Q: 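One structure coming up, written as structure tokens, with questions to follow.
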Amino acid sequence: MSSFAPKKDVAAVAGAGGDEQVVHRIRITLTSRNVKNIEKVCADLKKGAIDKKLHVSGPVRLPTKKLKITTRKSPSGEGTNTWDKFEMRIHKRLIDLHAPSEVVKQITSISIEPGVEVDVTINDR
């Protein structure tokens with residue numbers, strides 16, 4: 001048996017019969033331009049995971065990406081050199097869970113705020 005075998009739930013290994021559920025390490029990545037929406041979704045996900053008695057770490061706040069564009073105001077290039085500066089901030093959060101995939105489907109079925117992108121990845125190593 002390899003040392004890289006997926007971890008199994010202790011209760012499922014102890015019981016010889018029945019259904020076995022493999023516990024996965026799951027990373028949920030949330031990205032949004034609106035801080036209030038992303039924080040609300042993070043709080044809802046964490047509350048749902050704690051209610052199911054799962055091991056949760058996060059939300060980890062990653063650095064905000066600032067996308068900047070500086071452009072001239074005058075379309076023809078004539079006149080005073082005046083500039084417009086535009087900025088879009090992208091906020092990112094990480095939440096790590098240790099849970100079976102069926103439980104994660106139940107947790108992530110909450111209503112997600114508009115403008116929040118959710119990415120779920122499963123890491124077994």
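What you see is a predicted model; the values in this text were computed from it and never measured.
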Q: Counting only heavy atoms not in R89, do more than 12 fall under 6.0 Å of its CZ?
A: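 Open: at most 12 neighbouring heavy atoms sit under 6.0 Å from CZ of R89.
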Q: Calculate, to the nearest 0.5 Å, the distance between atoms OG1 and NZ belonging to T70 and K85 respectively.
A: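 Separation between the atoms: 6.0 Å.
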Q: One pair to check against salt bridge (Lys or Arg N to Asp or Glu O under 4.0 Å): E117 and K92. What are the steps and the verdict?
A: CA-CA 10 Å; E117 295 180 23; K92 198 169 193 179; over 6 Å; no
Q: Which heavy atom of V56 sits nearest a heavy atom of A49, and at what distance?
A: CG2-CB, 3.3 Å
Q: Can you hop from I122 to L30 via hydrophobic side chains spaced under 4.5 Å?
A: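 Same cluster.
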Q: So, S32 side chain and N34 main chain: donor-acceptor pair closer than 3.5 Å or not?
A: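 Checked: pair present.
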Q: Under the side-chain contact (heavy atoms from CB on, under 4.5 Å) criterion, do R61 and R93 qualify, and how do the steps go?
A: CA-CA 5 Å; R61 289 159 180 86; R93 305 285 187 266; 3.3 Å; yes
Q: Closest approach of E87 and K68, non-hydrogen atoms and distance?
A: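 The answer is OE1-CE, 3.1 Å.
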Q: Once you round to the nearest 0.5 Å, how far does NE2 of H55 lie from CG of L97?
A: 9.5 Å
Q: May I ask you to check whether over 12 heavy atoms, not counting those of L67, lie within 6.0 Å of atom CG?
A: yes
Q: Taking all atoms of both residues into account, what is the closest heavy-atom pair of L54 and H98, and its distance?
A: CD2-O, 3.9 Å
Q: Determine whether L62 and I28 fall in the same hydrophobic cluster, where Ile, Leu, Val, Met, Phe, Trp and Tyr are linked whenever their side-chain heavy atoms lie under 4.5 Å apart.
A: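 Different clusters.
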Q: Do I112 and L94 share a hydrophobic cluster (ILVMFWY, side-chain heavy atoms under 4.5 Å, transitive)?
A: no
Q: Work out which heavy atom in K73 is nearest to a heavy atom in W83; give both atom names and the distance.
A: CE-O, 3.8 Å
Q: Once rounded to the nearest 0.5 Å, what's the spacing between atom CZ of R27 and atom CG of D119?
A: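 Atom-to-atom, R27:CZ and D119:CG are 11.0 Å apart.
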Q: Assigning hydrophobic clusters by single linkage (Ile, Leu, Val, Met, Phe, Trp, Tyr; side-chain heavy-atom cutoff under 4.5 Å), is I110 placed with I107?
A: yes
Q: Calculate, to the nearest 0.5 Å, the distance between atoms NE2 and OG1 belonging to H24 and T121 respectively.
A: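 It is 12.0 Å, given to the nearest 0.5 Å.
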Q: Look only at the side chain of K46 and the backbone of G58, and say whether a donor-acceptor pair between them is shorter than 3.5 Å.
A: yes
Q: At what distance, to the nearest 0.5 angstrom, does NZ of K40 lie from CG of L45?
A: 10.5 Å
Q: Any idea which heavy atoms bring E113 and V41 closest together, and the distance?
A: N-CG2, 3.7 Å
Q: Atom CD1 of I69 and atom CG of D84: how far apart are they, to the nearest 0.5 Å?
A: 11.0 Å
